[in-house]
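So the structure is just underneath, and the comments pick up after that.
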Amino acid sequence: MARFILGRLIGGIVILWLVSVLAFVLFFVIPKALGNNPAVLFAGRSPDPATIAGVTKKLGLDRSYVDQYWNFLRGVFAGRHFDSGSDRSWCPAPCLGYSFRNDQPVWSQIVDALPVTASLSFGAAVLFLVVGVSTGVFSAVRRGGLFDRIAAAVSLAGVSLPVYFTGLLLLLLVSYKWHIIDNVHYVNFTHNPALWAWNLIPAWLVLSLLYTANYQRLTRASMIETLGEDYVRTARAKGLRERTVIGKHALRPALTPIVTIFGLDLGVLFGGAILTEHTFGFRGLGAISIDAVNTQDLPVTMGVTLFAAFFIILANVLVDVTYAIIDPRVRPS
Amino acid sequence: MTGPAPAGTPFLQVRDLTVSFRTDDGVVHAVDRLSFSVERGRTLGIVGESGSGKSVTSLAIMGLHRRGRRVSIDGEIRLDGEDLVTAPAERVRGLRGQRMAMIFQDPLSSMHPQFTVGEQIVEAYRVHNRVSRAAARRRATELLELVGIPEPARRLDDYPHQFSGGMRQRAMIAMAVSCNPELLIADEPTTALDVTVQAQILDLMRELQKEFNSAIIIITHDLGVVAEISDDILVMYAGQAMEHGGVEEVFAHAEHPYTWGLLQSITRLDRQLETTLRTIPGSPPSLINVPPGCPFHPRCTYRELAGPAASTVRPPLAEASPGHRVACHLPVDERRRLLREEVTPTL
Amino acid sequence: MSDNLAKDLASPAAGEGAMPTPPADAPATGAVPAATADAGALRDRPAGGGDELVRVTDLTKLFPVRRGTLVRRGAGAVRAVDGVSFAIDRGTTLGLVGESGSGKSTAGRLISRLLEPTSGSVVFDGQDISHLSSRQLRPLRRDIQMIFQDPYSSLNPRHTIGAIVAAPMRIQKQVPRRGVRDRVRELLELVGLNPEHYNRYPNEFSGGQRQRIGIARALATRPKLIIADEPVSALDVSIRAQIINLLDGLRTEFGLTYLFIAHDLSMVRHLSDRVAVMYLGQIIELADRTDLFSGALHPYTHALLSAVPIPDPTSHRRRERIRLHDEVPSPLNPPVACRFHPRCWKAQEICRTEAPPLLERAPGHQVACHFPEKRDVV
C-alpha cells in the first residue's frame, strides 16, 4: 500500500512538473516569440528603452529559456535573486516571482488568498457532500416516492440556476432586505470563528446548491444500481437489518464513483470558485486569477495556474488512494 | 441445532403460493397456486426453465420480494408451522439466515467485493448470535474448514476476488450455514462452475445435509444435477407445478408430457447417440398471458388426446400413484400407455 | 470466390438436392464423407492438403500481464493457448472441450483471426492466415464465421434483424444490392424464423430466436467454417435441443465444417466427429467421438466424464466416481512438466519433470500422458 501511495505521489510530481513546463512555455516563451516582450508588460505604460532593459535584466529575460526556467524552478525550491544592476532583491523560497502590477511577491498574494478560497470551498464541499449524498440515498431507497419527486425538481432547479443569479438573490434578501448579515465580507477564521462562518453562510449555500443537485442525482443513480446487485440480495438473505443493508452493503460501493468526482470537484474549487468569489466580493484565488488575466500580470497568472494544478493533481492522488481503500480489487496485492 | 425431525411433519410447507408482479405491460403471474413441502433431512429439486417461477418461489420463501404496490404474495408458506406470508417483515428478517438460508448462482457477484470473506461470514453469524467479534471469527474459521477451504484462518482475511470460483461458492455455503439453518435454498448453486468443481460442490452439499439434517431445496435447470442430489423433484412450468414426486419414481415413470419433453430433449452421456434430438416445439409462454387451461397445452404433443378441457380447465395436481402427483388432463391409463409405448423407447 | 457454394447455399432446396446427407451419428473417420466432398467449397483444394480445411500447428497465444502505473513492467504472460496442433477435415465437426482457463475460446478466436497468434500457424484452405493484416483478412471473413454464446449481447439492439443478417453481405458485397433482401428472407426461413419479421428488432425475440438470428447472420456469407463458441449455453433446456438440431441440419445440408467449443460434454458428444480436450492451454487428448467417450485414455478426461451429472437417479450407484481435488491452477503460472500432475492421482516422478508429448496411441487417438489407460467412466 505504501508503495502504491508513493508511486501515485511520484506520478503526481511528474505531472506537476510537466504542467510547470507547459505554463512556462505558455506565459514566457510563446508571448516573446509572438513579439510581446514580458518586460514591456512589466514596465507599465509607454516605458523608455532603459527601463525595459533594466526589467529584462532583472527578470533574467535576456537569458536562454532553459536558464530562465531553471531560475524559476530554483526560485520555487531555494529562492532566487532578482538583479537589475541598480536594484537587487532576494525572493525567498517558495518564490513564484513578483507581480508585474503591484510588485508584491506572487507567493504572498496566494497565501493571502488561500484561506478565503479554502474556507469557501471546504465549507461548501462538506455541505454539498452531506446533503447531496444523504438525499440521494433517500431518493434511491424510496424511488418514485414523494421525496424522490420533490428532490428531482429541486435538483433540476439547482443545476439550472446560475450562481450569479442565486448569489445576488440571496445577498439581496439576507443583506439588503432582511439585514440578517449586513455587509457580507470575509472575516479571518483566527480572528473570529463565529463571524467567519456567519459571513460565509450565504456563499456556502449558493456554491453548494449547484453541487448538491449533482451529488444528489449521482448518488441516487449509483445507489439504484448497487441496490440491484446480487450482493445486496445476499445481505438481505443473511437477515441483516435494512439499515445495515443500505448504509453498509449498498452505500459503500455506491460511493466509489462519488469519491472520484468529489476529488476532482474539490481540486477545481480550491483553484478558485471564480463566480462565487466575484459575486460575494471575496478576494480568493479566483478573484486574483481574474485580475491577473485582465491586467496581463504574467507571474501571478502562472503562479495561480500552478497552484490550481497542484490542488487538482493532489486531489487526484487522494482519489486514487481512497479508491484503493474503498475497493480492494484495485489494491495492489 | 434442532434434534431429529418428528416423523411426518414437513419443515417447510407451501400451500397455494401465488406471486404476481404489476408491470407497465400488465400483471406477471410468476407463481400460480403452487403447493409442495420439504421435510428435514430431505432434498427437493425444483426444475424448470427460465420464467417457470422457480427462483421467484425461493425468494418468496425467504421473504426477499419487497412487497408493496407492485408485488403481491398470497397463499401460505409455513416454516415449522409458522406462516411467513402473514408474519411481520421484521419477524421474517429474524428467521432469514437463522432458520432458513440461501445460496445463489454466481458466487462472485453474490459476495460483497469490498468486504473480506471473514467479515461477511462474521456478519452473517453475529446478526443472529450475541457473541464477540473474536468468537464469531473463530466460528468463521471453523466454517471455512467445514466447507473444505484449506488454511481457513489465513483465507478469512482475503477478499472474494482472491478466491477461485469453487472456493467462493464454498465460502458462500459457509456463510449460509453459519447459523445451522434448518432450511437451505440453493438457487442454481453450480451453474456458474466448471463441471469438476460442480461435482465437488454437490458432494459438499450432501455431506452438510448429513451433518445438519436440514431440509434442502435445490433450484436448477439441469436434470442431471437433480438426479444426483435430490430425493424429490418438482417440475415447474409457467409458474405452476406440473409434476411432483420421488426422484427415482419421476425419472423412471414420468407422467407429464412436459417432463417427457425435458427428458427427451437433453443430450446425455449414458445413452446411445441419436440422429436428431427430440424437441419441445415452440417456446415458454409470457407470464403476462399464460395460456388458459393447462399452461403447457399449446406445446403439448398429446393435447388432442386430452380433449377440449386442455385449453379451458386448469388440471389439478392430482396423485397418480402414492407420493407422485401430476397436473395433466390425460387419463392416467393413457399417460402410462404413452410413456410405455412412445416415450420410454426414445429415452 | 465461392460461386458454386453460393448457388448451393442460395436456397435450402438446392442444398438438399445437391447431396445426400450422411447420418449424423456415423462414426467419423479421418476421411471426409464423399457426399460433402462434392460441395462447391472444395473448388480451390490445396495441392497437398488432403481434405483438411483447417490445420493448426503449434498455435500459441500469450497475453502479457503488466504491472505498475507509471512505468509498465512485464510481469509474465498468461499462456492462454500453448502449442496446440490439430486439423479439421472438410464437412466434419471438431469439438473443443475444457473448463475455464483451458484456452478453448482463445483457440477459436485465433483460428477465426479475431486474435493474432503469438507463434505457430493457422492454415485455412491451403493459405497461411496466421499473420494476415486486417485488409488481407477481409475476404477470409466471409469464409470463417462465428456464433457466440450470448444471443443478447451479440446483436445490436438498434438494428432490425433484417439489417443484422444483411450486414455481412453488404460488407462483403457478395450479393447485388437488390438481392440482399430476398436472401435475408431465405436465411431467416432457413433458420426457422418467420421471414416477415425482417423489420423487427432483437428485443422482440426470445433467446432461442435470437440465437437463430445469430446463426442466420453467420450463414449470410456462405462460410466454409463456422466457429460456434458455447452457442447453446445461455439457452433453456427445451430450446437447446432446437438449436442443436438446427446446427446439425445445416451442417449436413451445406457440408459446413464446424469448430464447436463447449464445456458441456454431452452436447459435444452429440455434435462432434472428433473431440479435443484442453487443459490449461494445451490439448491433452484428441480422438474420434466414440473413442473418446467410451475409451478415453487421459486421467483428466476420465475425471471430466465422471463429473458430468447423469439424469438418472440410479446411475450414481453404478458409476465410478472420480473426484478431482482443487481447481484448475492459474494459467499465469501453470505447473511445470505435465500441467495436470498436481491434481492427478496417477502422477509419478516423471510427470513432474517431463511434459508428456501428444502421441498417437491408437489410430487417430492422441493423448498427452505418461500413463495412458483405457477406462470407461460413463
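Below, read A as the first sequence line, B as the second, and so on, with proteins coming before strands; counting in each chain starts at 1.
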- prompt: So A/His249 and B/His112, would you call those rings parallel, tilted or perpendicular, with 30° and 60° as cut-offs?
  reply: perpendicular

- request: In plain terms, say whether B/Arg66 and A/Glu242 are close enough for a salt bridge, that is, a side-chain N and a carboxylate O under 4.0 Å apart.
  value: yes

message: Is B/Gln98 in contact with chain A via its backbone, its side chain, both, or neither, using a 4.5 Å heavy-atom distance?
response: neither

Flag, side chain of B/Arg96 to backbone of A/Arg236, donor-acceptor distance under 3.5 Å: yes

statement: Distance col, row B/Phe115:CZ vs A/Arg252:CZ, nearest 0.5 angstrom, shows 4.5 Å

task: Indicate yes or no: at least one non-hydrogen side-chain atom of A/Lys238 is less than 4.5 angstrom from one of B/Gln120.
output: yes

task: Assess whether atom CZ of A/Phe165 is packed by more than 12 heavy atoms of other residues, nucleotides or ligands within 6.0 Å.
output: no

statement: Bottom line for B/Ile185: the part with an atom under 4.5 Å from chain A's heavy atoms is neither

message: Can you tell me how far apart OG1 (A/Thr234) and CE (B/Met111) are? Round to the nearest 0.5 Å.
response: 8.0 Å

statement: From the list B/Ser110, B/Ser109, B/Pro113, side-chain contact (heavy atoms from CB on, under 4.5 Å) partner of A/Tyr231 resolves to B/Pro113

query: Under 4.5 Å between any side-chain heavy atoms of A/Asp230 and B/Gln105, yes or no?
result: no

message: More than 12 heavy atoms of other residues, nucleotides or ligands under 6.0 Å from CZ of B/Phe21: yes or no?
response: yes

message: If you count every heavy atom of other residues, nucleotides or ligands that lies below 6.0 Å from B/Glu145 atom CD, does the total exceed 12?
response: no

Among the listed options B/Glu123, B/His128, B/Met100, B/Met102, the residue most often paired with chain A at heavy-atom distances under 4.5 Å: B/Glu123

